[in-house]
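Presented below is the structure to which this report refers.
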Number of protein chains: 2
Amino acid sequence: MKTQELYQLVWMSRPLMQAAEACVESGLAGTDLTVRMRAVLEILRAGGDLAVPEIAAKLEINRQYVQLMVNETLASGFTELRPNPRHKRSPLLTLTDKGRELIDNVITREMEIIRTIGSELSDEEVSTALNVVSLVTSRLRAQDGST
Amino acid sequence: MKTQELYQLVWMSRPLMQAAEACVESGLAGTDLTVRMRAVLEILRAGGDLAVPEIAAKLEINRQYVQLMVNETLASGFTELRPNPRHKRSPLLTLTDKGRELIDNVITREMEIIRTIGSELSDEEVSTALNVVSLVTSRLRAQDGST
DNA sequence: TTCATAATGACAATATCAATGTCATATTGA
DNA sequence: TCAATATGACATTGATATTGTCATTATGAA
């Protein structure tokens, strides 16, 4: 029955996430990057320069914890502060050359792994899976939010 | 491109898991059950009576932490100990009537939610999604394990 | 039967991730 | 101008889980 399979799919989310995180972590070995610092660099790479509260909003994590993550990237020289024209007290965080090169390399390697796995799957299958997972996620959120 | 979508799918695993866990937690409100106690009851329900180390193996969690979870279910009267014919020092954990009724109700309600969400999807889509997620999980594990 | 080895439950310490609380200060916008 | 708010910094707490240790007891092989 379909319900059983869908139930299984939902419960696969934890193993999948754990496997993915373990891979990400392996990919960071040898660099000075931690998984949470990586998240900051990734967001800056995709979204341009951002202030701490903006990063917190994008990551849906509280601002205090993001501040911590950001401070680590600053300390390691992967990011630096630039004046924020929109807010004088909350500077923009920007990737340094070093930081940009690192996150580019990290993501490239990750994509390579994904590309290899993807070679076993059709475009159709991947699209369907993504659609299903997206829908289920949003429905579960709605379910919980309304309760 | 497919690789992008597959990458997205992998990164959806965290939001999906969080949404699922939030739902599970909501479903437990009003009961004396916590999410981790629920995991113990669920495994006993599916796998029959088990000793603590066996539960730990099934959950792929270390035995010390499982012991903690199990002790909580004992304290709340959802499980009880039975002599273990296979091992004199490690008793079998079994569901009490109270525990069985509770976990049955909890899972029934969860299945109901899943059934509702599933009504928007075809059997084909769900099967494909489950296959994709399973394959990606195992490939990521292999990737990481080999590194 | 004996005995070294391994398994078990109990407990403590540590780690990680994250939320929450608080505060002084600076900034914003009415 | 000034009240309300945002921000960074710091502290506290909590949840989840791992690791380490130990005494006791089974277990299984010689």
Side-chain angles (χ1 to χ4, degrees), chain A residues 11 13-15 17-22 24-26 28-29 33-40 42-43 49-75 79-94 144, chain B residues 11 13-15 17-26 28-29 32-40 42-43 49-75 79-94 144:
Chain A
W11 284 99
S13 63
R14 173 182 284 268
M17 195 206 69
Q18 286 174 336
E21 287 211 338
V24 167
E25 208 170 348
S26 294
L28 298 181
L33 215 51
T34 62
V35 176
R36 66 191 189 186
M37 287 162 72
R38 179 198 167 288
V40 172
E42 185 182 32
I43 264 212
D49 300 351
L50 294 169
V52 168
E54 293 168 335
I55 297 174
K58 291 216 181 200
L59 290 176
E60 296 180 4
I61 299 179
N62 62 82
R63 134 193 109 74
Q64 289 90 336
Y65 189 57
V66 171
Q67 186 77 51
L68 183 72
M69 297 158 66
V70 163
N71 288 349
E72 290 172 349
T73 67
L74 285 167
T79 59
E80 59 190 6
L81 298 176
R82 293 172 59 88
N84 184 354
R86 310 183 74 177
H87 197 300
K88 286 182 185 164
R89 203 181 170 196
S90 194
L92 290 177
L93 207 69
T94 189
D144 184 50
Chain B
W11 284 98
S13 63
R14 174 182 284 271
M17 194 207 69
Q18 285 175 336
E21 287 210 339
C23 260
V24 167
E25 207 171 348
S26 294
L28 298 181
D32 290 339
L33 214 51
T34 62
V35 176
R36 66 190 189 187
M37 286 161 72
R38 179 199 167 287
V40 172
E42 185 182 33
I43 264 213
D49 301 350
L50 295 169
V52 167
E54 293 168 335
I55 297 175
K58 292 217 180 202
L59 290 177
E60 297 181 2
I61 299 178
N62 61 81
R63 117 196 123 74
Q64 290 89 335
Y65 189 56
V66 171
Q67 186 76 51
L68 182 72
M69 297 158 65
V70 162
N71 288 350
E72 290 172 349
T73 67
L74 285 166
T79 59
E80 60 191 6
L81 298 176
R82 294 172 58 87
N84 183 354
R86 309 184 73 178
H87 197 300
K88 286 181 185 163
R89 204 182 168 193
S90 195
L92 290 177
L93 207 70
T94 189
D144 186 47

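Each chain gets a letter, A, B and so on, in the order the sequences are listed, and its residues count up from 1. All values below were derived from every heavy atom in this structure, side-chain atoms included, with hydrogens, water molecules and symmetry-related copies excluded.
- In this structure, A:Glu25 atom CD and C:dA15 atom P are separated by 16 Å, rounded to whole Å.
- An OP1 or OP2 oxygen of C:dG9 is reached within less than 4.0 angstrom by no side-chain nitrogen or oxygen of B:Asn71.
- Note that CZ of A:Arg86 and CD of A:Glu54 are 6.5 Å apart. Values are rounded to the nearest 0.5 Å.
- Each of B:Arg86 and A:Gln67 was matched to the nucleotide of DNA chain D holding its nearest heavy atom; the match closer to the 5' end belongs to A:Gln67.
- Between B:Met37 and B:Leu28, every side-chain heavy-atom pair lies at or beyond the 4.5 Å cut-off.
- Side-chain contact between B:Pro85 and B:Leu92 is present, with at least one heavy-atom pair separated by less than 4.5 Å.
- A heavy atom lying under 4.0 Å from DNA chain C marks the following residues of residues 53-66 of chain B, by number: B:Pro53, B:Arg63, B:Gln64.
- Interatomic distance, B:Thr79 OG1 to B:Glu72 CD, rounded to the nearest 0.5 Å: 10.5 Å.
- Contact annotation: B:Arg14 side-chain N/O to C:dA18 OP1/OP2 distance is under 4.0 Å.
- Side-chain atoms of A:Arg89 and base atoms of C:dT28 include no donor and acceptor less than 3.5 Å apart.
- Note: NZ (B:Lys88) to P (C:dG9) measures 16 Å, nearest angstrom.
- Nucleotides of DNA chain D with any atom under 4.0 Å from a heavy atom of chain B span, from 5' to 3', D:dT16 to D:dT27.
- Distance check: B:Thr73 OG1 to B:Asp32 CG gives 12.5 Å after rounding to the nearest 0.5 Å.
- Rounded to the nearest 0.5 Å, atoms CD1 (B:Ile55) and CD (B:Glu42) are 12.0 Å apart.
- Atom CG of B:Leu92 and atom P of C:dG9 are 10 Å apart (whole Å).
- The CZ atom of A:Arg38 lies 10.5 Å from the CD1 atom of A:Ile43; values are rounded to the nearest 0.5 Å.
- B:Asp144 and A:Ser26 share a side-chain donor-acceptor pair at under 3.5 Å.
- In this structure, the side chains of A:Leu68 and A:Arg36 come closer than 4.5 Å at one or more pairs of heavy atoms.
- When the P atom of C:dT14 is taken as reference, atom CG of B:Leu68 falls 18 Å away, rounded to whole Å.
- When each of A:Ser90 and B:His87 is assigned the nucleotide of DNA chain C bearing its nearest heavy atom, the one mapping closer to the 5' terminus is B:His87.
- If you find the closest nucleotide of DNA chain C to B:Gln18 and to A:Asn84, the one lying nearer the 5' end belongs to B:Gln18.
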